[in-house]
Amino acid sequence: MYSLSQASPAPRARTLAMPRNSSKCLSRDCLAELVVAPPNVARRSRLSKILATLGPQTTEQQIIDFFDAGADLFRINMSHMKERDHRVTDMVNAIRKVSSDLGVHIGVLVDLQGPKIRCGSFANGPYVLERGQSFTFDMELDTPGDRTRVGLPHPEIFKAIEVGHNILVNDGAIAMRVDAVDRENLVIETTVTQEGEINNRKGVNVPDTLLPMSAMTTKDRRDLAFALEHSPDWIALSFVQTASDVQECQAMVQGRARVMAKIEKPQALENLVEIVEAANGIMVARGDLGVELSLSQVPAAQKRCIKLGQVHGKPVVVATQMLESMISRPVPTRAEVNDVACAVYDGADCLMLSAETAIGKFPRKAVRTMSDCIWEVQKDPLYLKSVHAIAPGREHLSTPDAIAAASRLTVKALAASVIVVYTRSGGAALRISRERPSALIVAMTPVLETARALSAVWGVRAVHLKEDAKTFKDMTRMANAVVTGLEVAFPGDSVVCVSGWPFGQQAINLMHVLSVTEPEMVDGHVGYRNPELSHSNEDLVHALSATELNEG
């Protein structure tokens, strides 16, 4: 049986009809006939995935090193990119080349900057603002700021903010309470409630205020159009406040990529259900979220996002400061290791490394450290119990949901090695992943974009088929060939196959337990003998429809 607690399955003693080396060769021959490229990545059975951020000087060799260390997909941060930056092209091309050379499906996530709010400049900064003093924001942008005021080039804030709201500056180092708002002259008067240093172009957060502004700036729209020319797998949308922000991005993307909503504002948490429904995935962006929320509220927000994502079958990425100390140190803190472990125990699909890999001194080691942390959690016998414990029950399941739930129970009852799921859009694989089964999920798809996008999803390893299954016999034959060719299951193992019927045209409504057989030569061709399945799916359906059920 394929083990989820080791990198690759240990050889097992079996009585074979041919020498084991010969059987392996035939299995690989069968695999090569079915798939576009042998997916080596299927041998990696770590369940939670790793998203690594690329730096501006990342090379192709570093991408290979990051993948070897455990990265499953890569993030390109548009905040540090100029308009139509050639570095984006270079990074995507390098990732695609590595993916092709290694026979793996590596995802690309492009992260849009979003509407970052900053104050104006000062005449002689920095200034230390003291608790209890008055401070004013205005629209006199041509006048440098001083210890009592500064320009704020965002008129939408003056229109939306209310007396009693809070303003945070410099990543929350300074806090102010709004005392008065002059909407006509665009002036906000505040009292400093937490002292700190202010300087040129520092970030400004208004956690209590729903801003009447899009999550996409002019730069974001241009960056998105440029990114879509390179066929990314995911687009991360920053500073989402409502579902309409996601819908606006989806309208521009037009299905050419999946949209991941970044949860980093309190307003996003207030509208979380609608945002999750509108997005293809969510990211818990704990950097700005930790500024706009009380720090003590962030863990609960993270758990809520993970739980809701799992319920809706949407992948959840936990991001920011996971191994922050490894930017400059070769060893993380114990607290950081615990933070990574807690996100895995909660059932996160993917964990993200930011500056650790983009500009850190030990990028490969950071990836390896995170991978090792995930493995240790995964080996814990209580891990899957922990994941299932946080997933609330669902009533009134649809047929696809019921089949997905039944597949997890079947895997457990039969100690099945693998769940093979046939999918075109990836939706079927997401449903199976949502159940967090104790078997490897092998997603079989004829769509390359789907295979790449699934690199962000818990427990899923994608196989790019040359063509989809057309009959029930095709389904079992192809599943048998892939799991034996990848050596994730062996003759005699049970494999659960899930698909829609008619094939390629329907959401999952069919589950079959396959007993794996070994390959053999038949009339000069490699095949798999499966004597109990000698008819096509259509023949079986016809036979069943003509059969009278014995109710006794």
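The model shown is predicted, which means the values in this text are computed figures rather than measured ones.
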Original post:
Can you check side-chain hydrogen bond (donor to acceptor under 3.5 Å, both in side chains) on T193 and R131, steps first, answer last?
Top reply: CA-CA 5 Å; T193 56; R131 180 183 176 89; 5.7 Å; no
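Qualifying ring-ring contact (aromatic ring centres under 6.0 Å, His included) partners for F135, counting only residues two or more places apart in sequence or in other chains: F137. For E197, there are no side chain to side chain donor-acceptor pair (under 3.5 Å) partners, not counting sequence neighbours. Considering only residues two or more places apart in sequence or on other chains, R96 meets the side chain to side chain donor-acceptor pair (under 3.5 Å) condition with D233. Listed by chain and number, the residues in a side chain to side chain donor-acceptor pair (under 3.5 Å) with T190 amount to none (sequence neighbours excluded). Scanning for ring-ring contact (aromatic ring centres under 6.0 Å, His included) contacts around F362 gives an empty result, with sequence neighbours left out. For R147, the side chain to side chain donor-acceptor pair (under 3.5 Å) partners are Q133, not counting sequence neighbours. Residues satisfying the side-chain contact (heavy atoms from CB on, under 4.5 Å) test with A71, not counting sequence neighbours, are A52, F66, F74, V367. Every side-chain contact (heavy atoms from CB on, under 4.5 Å) that E449 has, sequence neighbours left out, goes to V447. Among residues two or more places apart in sequence or in another chain, the ring-ring contact (aromatic ring centres under 6.0 Å, His included) test is passed with F158 by none. When the side-chain contact (heavy atoms from CB on, under 4.5 Å) test is applied to K219, the partners found at least two apart in sequence or on another chain are Q113, T217, D223.
Applying salt bridge (Lys or Arg N to Asp or Glu O under 4.0 Å) to D349 and the options R436, K314, K49 leaves one that passes, R436.
Listed for the E356 side chain is a donor-acceptor partner under 3.5 Å among the backbone atoms of L323.
Nearest heavy atoms, S238 versus A215: O-CB, 3.5 Å. Nearest approach of A404 to R431, heavy atoms of both residues: CB-O, 3.7 Å. For the residue pair M252 and R221, the shortest heavy atom distance occurs at SD-NH1, 3.5 Å.
A donor-acceptor pair shorter than 3.5 Å can be found between the side chains of T209 and H165. A donor-acceptor pair shorter than 3.5 Å cannot be found between the side chains of T445 and R424.
Residue pairs meeting the side-chain hydrogen bond (donor to acceptor under 3.5 Å, both in side chains) criterion with at least one partner in residues 274-285, sequence neighbours excluded, are Q250-N280. Applying the ring pair (Phe, Tyr, Trp, His ring centres under 6.0 Å) test to residues at least two apart or on different chains, the pairs with a partner in residues 212-269 are F226-H230.
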